[in-house]
Amino acid sequence: MKNLEIVRIFRDIAQILQIKGGNVFRIRAYERAAQNIEGLSQDIEDFIKEDRLTEVPGIGKDLSERIKELVGTGKIKMYEDLKKSIPEGLLDLLEIPSVGPRTAKLLYEKLKIKNIPGLEKAIKKNKLRGIFGIKEKTIENMLKGIELVKRGRERMTLAQAIQVGEEFLSALNKFPEVKRIAVAGSLRRQKETVRDIDILVVSDEPKKIMAEFSGLKAVKEVLAEGETKASIRTRDDVQVDCRVVEQRSFGAALLYFTGSKNFNIKLRQAAIRKGLKLNEYGIFRKGKFIAGRTEEEMFKVLGMPYVEPELREDNGEIELAQESKLPELIEPKDIKGDLHTHSKWSDGGNTIEEMARAAGDLGYSYIAITDHSRSLRIARGLTTADLRKKKNEIDKINKKLKGFRLLYGTEAEIDSGGRLDYKDGVLKEFDIVIAAIHSGFKQPKEQLTRRMVKACTNKYVHIIAHPTGRLWGVREAYDIDLDAVLEAAKETNTHLEINAFTQRLDLNDLNCRRAKEKGVKLALGTDAHAAEQLSAMKLGVSVARRGWLGKEDVLNTLPLEELLKEIKK
DNA sequence: GCCGTTTTCGGCCCGACTGTTTTCAGTCG
């Protein structure tokens with residue numbers, strides 16, 4: 001899959017052109033193309049094969065030639081030439097907050113600064129003084145920015161972002177001037193990682209809110225504070241932006257502040273075509289306010305149904321909305337049970353009964369206890385003797401429980417040859433079998449793919465757990481041919497998992513969409529190793545929603561009897 | 001460099017805040 005390589009190159013090109021001072025629309029064209037390719041659920045090489053590259057929005061004659069050149073020769077000449085035209089390392093300067101293309105260009109032209117260490121040295125030697133347009137404050141901001149880059153401004157996981165967002169909401173909600181409050185930005189779109197937190201407040205006293213926001217205990221540093229908008233950094237180095245608007249602009253501001261940026265641009269273009277102006281204060285016709293209180297009324301004026309925040313990525317949803325063909329997304333309440341959990345029998349922290357009660361409290365009607373299998377010793381995988389005892393325990397608890405069912409399950413190891421580590425006679429006893437890879441991630445792509453495909457063909461395997469192995473902050477997805485696995489899954493009625501564990505979210509949103517397009521049904525599981533982790537299901541639902549999935553695309557929206565029928569091979 | 005129920009040429013989203021400015025460019029989202 002060359003998609004991400006092209007994305008990176010196009011973004012690089014855009015940045016180099018910015019520094020060199022190219023046509024801003026040409027620059028934007030590269031950025032837009034990169035964004036659109038990033039959002040593709042299909043391999044770009046498929047588009048080439050079918051000669052329909054220019055069907056990808058933002059890709060015309062020139063860019064399609066560049067893409068073909070890269071896929072064909074491994075290089076893009078124009079990009080190689082551009083790279084040579086500026087020093088390596090200059091692009092790093094753009095990573096520094098407060099340093100944009102113009103400043104980078106200035107620093108290079110006046111002082112021959114080529115990279116971040118060079119800038120640091122120049123600042124320490126007082127060389128920046130006297131450069132036109134740079135004074136003490138600017139230098140100070142650059143130094144702060146450099147520090148931040150050094151510490152690595154990583155993105156948070158969605159789970160962390162949700163927590164930070166909630167803390168700020170509840171802290172701000174205590175102020176009487178706050179009439180209404182909401183999170184926006186990529187957190188509201190439920191992206192799997194989030195850079196900064198956006199908070200929207202309705203109030204008649206914006207100045208007061210600004211002071212209160214900047215004065216919160218969690219605030220380490222105020223980055224900017226104006227009349228209606230302020231940015232701070234928390235003690236944990238998270239940037240939080242707060243914006244205050246009046247009541248009638250709440251919907252407009254929420255829409256604007258939620259993004260994504262490209263989604264907003266497209267909506268504004270749609271507004272222009274209708275002779276309207278759309279900004280964060282509302283929709284205006286000849287300067288007269290006609291909508292803005294709620295997002296719903298704004299979409300209505302723009303002639304389309306409400307677009308769920310999770311869809312707002314400019315990945316085709318606006319076009320579908322205009323034809324009223326948006327998918328109806330799955331919701332948390334549709335989930336009837338959790339299909340991937342662990343108990344004390346292997347490496348979980350709670351007993352089976354405790355897990356069952358916690359699941360019941362969440363309103364579920366079933367839960368699968370899928371402890372690790374024999375060969376995963378490190379997680380105390382169960383021997384066949386253990387399994388008999390575990391089965392007895394489950395049967396006993398099931399007799400006690402009314403309107404709820406424990407499913408006897410396992411998360412079985414797929415070995416390096418694609419076989420499972422329990423014999424068929426053992427496997428067939430389970431109500432549900434999840435198969436997973438926990439070793440040999442670094443095998444060649446072909447072998448990894450073969451293992452997964454073979455696991456799908458096993459007639460006792462119902463679900464493939466965390467199919468790409470991505471573990472946030474630990475390792476990248478392993479190198480598999482996901483399309484081949486999807487094909488195999490489709491053919492054998494095997495389900496792929498959306499693992500909702502905070503650091504996994506695997507399959508991710510784009511791959512979910514790919515699975516749906518291929519006709520593969522997904523199974524949501526939290527991989528909970530303790531009762532309180534069952535609540536991570538909401539993250540999995542978010543991934544599913546971002547992957548355009550409806551209730552009908554997810555296995556465990558089914559009542560128990562239908563679920564058991566559905567998974568039969 | 002892309003794109004077209006106004007257009008195949010001439011447009012291309014819109015505004016807040018900062019730091020440096022006597023009116024605005026740069027950065028950010």
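Within every chain, numbering begins at 1; the chains are lettered A, B, ... in the order of the sequence lines, protein sequences first and strands thereafter. The analysis underlying the following values was restricted to heavy atoms, covering all of them including side chains, and did not include hydrogens, waters or symmetry mates.
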Do [X] and [Y] sit within salt-bridge range, that is, some charged N less than 4.0 Å from a carboxylate O?
X	Y	result
A:R514	A:E517	no
A:K220	A:D237	yes
A:E295	A:R188	yes

Among B:dG26, B:dT20, B:dC28, find the nucleotide with the atom closest to the side chain of A:T138.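 The nucleotide sitting nearest to the side chain is B:dT20.
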Given B:dT27, B:dA16, B:dT20, which nucleotide is nearest the side-chain atoms of A:P101?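 Of the candidates, B:dT27 comes closest.
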Whole angstrom value for the distance that separates [atom2] of [N] from [atom1] of [X]:
X	N	atom1	atom2	value
A:N141	B:dT27	CG	C1'	11 Å
A:Q18	B:dT27	CD	C1'	11 Å
A:K144	B:dT27	NZ	C1'	16 Å
A:E140	B:dG19	CD	P	9 Å
A:E313	B:dG29	CD	P	16 Å

Do A:V99 and A:I146 touch side chain to side chain, with heavy atoms closer than 4.5 Å? no
Judged by nearest nucleotide, the residue sitting upstream toward the 5' end of DNA chain B, A:R26 or A:E227, is A:R26
DNA chain B nearest-nucleotide lookup for A:D198 and A:I134: closer to the 5′ end is A:I134
How far does the [atom1] atom of [N] sit from the matching atom of [M], given to the nearest Å?
N	M	atom1	value
B:dC9	B:dG15	C1'	29 Å
B:dG26	B:dT22	P	15 Å
B:dT20	B:dG4	P	44 Å
B:dT8	B:dC2	C1'	12 Å
B:dT6	B:dC12	C1'	15 Å
B:dT21	B:dT27	C1'	16 Å
B:dC17	B:dC13	P	22 Å

Using the 3.5 Å cut-off, write out each protein N or O paired with an N or O of nucleotides 21-25 of chain B and the distance between them.
{"unit_1": "B:dT21", "atom_1": "OP1", "unit_2": "A:K135", "atom_2": "NZ", "d": "2.8"}
{"unit_1": "B:dT21", "atom_1": "OP2", "unit_2": "A:K135", "atom_2": "NZ", "d": "3.1"}

Restricting to side chain to side chain donor-acceptor pair (under 3.5 Å), what partner residues turn up for [X], sequence neighbours left out?
X	value
A:D509	A:R546
A:K2	none
A:S186	none

5' to 3', nucleotides 2-14 of chain B under a 4.0 Å protein heavy-atom cut-off (B base, S sugar-phosphate only, - none) gives SS--------BBB
Report the residues that fulfil side-chain contact (heavy atoms from CB on, under 4.5 Å) with A:Q163, sequence neighbours left out, ordered by chain and then residue number. A:E167
At under 4.0 Å between heavy atoms, what does A:S231 touch on the DNA or RNA strands: base, sugar-phosphate, or nothing? nothing
Considering all heavy atoms, the nearest A:P97-A:V149 contact: CD-CG2, 4.3 Å
Run the salt bridge (Lys or Arg N to Asp or Glu O under 4.0 Å) check on A:E328 and A:R545 step by step: do they pass? CA-CA 9 Å; A:E328 193 165 323; A:R545 288 168 64 84; over 6 Å; no
